[in-house]
Amino acid sequence: MSSTGGGRKRKASGGRRPAGDETAGEGGPDDALVLTAAAATELAKLARRHKFEVLERPFAMARLEADEQLRSRSRRKLS
């Protein structure tokens, strides 16, 4: 059976965004860091509760790294 090609087609994107423009609805880099830190904290707690020590450490380290990146970004903004 042959197809006539009458199916739905994707619309072309509206063009390029200027550099530095935040993606709508996704938040910025600071929001991503806050979300990452919060998720890593909860995952570390879950791993600790179930005595998965090997998993707890990388999640705790990810939280510390996200916190440090956030502090670093806020210092740059103040300068």
Side-chain angles (χ1 to χ4, degrees):
M1 199 178 236
S2 65
S3 173
T4 59
R8 296 177 89 183
K9 295 192 170 73
R10 249 196 288 190
K11 293 183 180 182
S13 63
R16 304 189 111 209
R17 289 192 184 105
D21 188 23
E22 299 299 330
T23 306
E26 289 187 11
D30 291 345
D31 293 334
L33 287 168
V34 169
L35 179 63
T36 301
T41 299
E42 291 304 312
L43 289 168
K45 286 179 186 177
L46 182 65
R48 187 179 316 118
R49 186 177 317 131
H50 293 285
K51 297 181 173 88
F52 296 136
E53 295 173 12
V54 174
L55 288 175
E56 179 189 354
R57 285 190 174 156
F59 289 133
M61 289 171 60
R63 190 201 79 236
L64 291 171
E65 183 63 27
D67 288 343
E68 179 59 32
Q69 290 289 325
L70 195 56
R71 275 192 297 277
S72 175
R73 289 183 58 80
S74 66
R75 278 194 301 260
R76 270 188 255 140
K77 286 180 183 179
L78 294 175
S79 298

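Numbers here simply count residues along the sequence, with the first being 1.
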Exercise. Please write out which residues are connected to Leu70 in a hydrophobic cluster, directly or through intermediates, given that two of Ile, Leu, Val, Met, Phe, Trp, Tyr count as joined at side-chain heavy-atom separations below 4.5 angstrom.
Key: Leu33, Val34
Quiz item: So with a 6.0 Å cut-off around CZ of Arg57, is the heavy-atom count from everything else above 12?
Solution: no
Quiz item: What pairs meet the side-chain hydrogen bond (donor to acceptor under 3.5 Å, both in side chains) rule with one or both residues in residues 58-71, with sequence neighbours excluded?
Solution: Glu65-Gln69, Glu68-Arg71
Quiz prompt | Cluster link Phe59 to Phe52, ILVMFWY, side chain under 4.5 Å | solution = yes
Could you list the donor-acceptor pairs under 3.5 angstrom formed by side chains in residues 37-51, with sequence neighbours left out?
unit_1: Thr41; atom_1: OG1; unit_2: Ala37; atom_2: O; d: 2.8
unit_1: Arg48; atom_1: NE; unit_2: Glu56; atom_2: OE2; d: 2.7
unit_1: Arg48; atom_1: NH2; unit_2: Glu56; atom_2: OE2; d: 3.4

Quiz item: Which residue pairs pass the salt bridge (charged side-chain N to carboxylate O under 4.0 Å, His left out) test with at least one member in residues 31-40, sequence neighbours excluded?
Solution: none
